Amino acid sequence: MVRKPWRGTGEAARIHERMLRDRPEQRATLLVDASHNGRPTTLRAVGLPSDRRPAAVRGGPVYTMMVRQLHAT
């Protein structure tokens, strides 16, 4: 998340790329609370496709799971 003056400038995508650039893992996984409507859309824009998951516990929160391949397997 970036502060309001930098929203829509591409800065979030640049920060995201810098954070993941040198990671040795094959993929990055992020769980986002599905009740936060704009976040999954924003994260898809920086290359994290999503897959909605049911709550782990009945009545618990529902998360959107986002996975991005970092390196070829």
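Given the structure is predicted, the values throughout are model-derived calculations rather than measurements.
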Euclidean distance, Q26 CD relative to Q69 CD, rounded to 0.5 Å |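 Answer rounded to 0.5 Å: 7.0 Å.
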Would you give the length of the straight line joining atom CZ of R68 to atom CZ of R23, rounded to the nearest 0.5 angstrom?
->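 R68 atom CZ to R23 atom CZ measures 13.0 Å (nearest 0.5 Å).
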Check side-chain contact (heavy atoms from CB on, under 4.5 Å) between R21 and all other residues, then give those that pass, not counting sequence neighbours.
-> R18
From the options R3, E11, K4, select the one residue that forms a side chain to side chain contact (heavy atoms under 4.5 Å, CB included) with R7.
->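 So the option named by the test is K4.
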Scanning both residues in full, the closest heavy-atom pair of T9 with R14 reads O-NH2, 3.3 Å
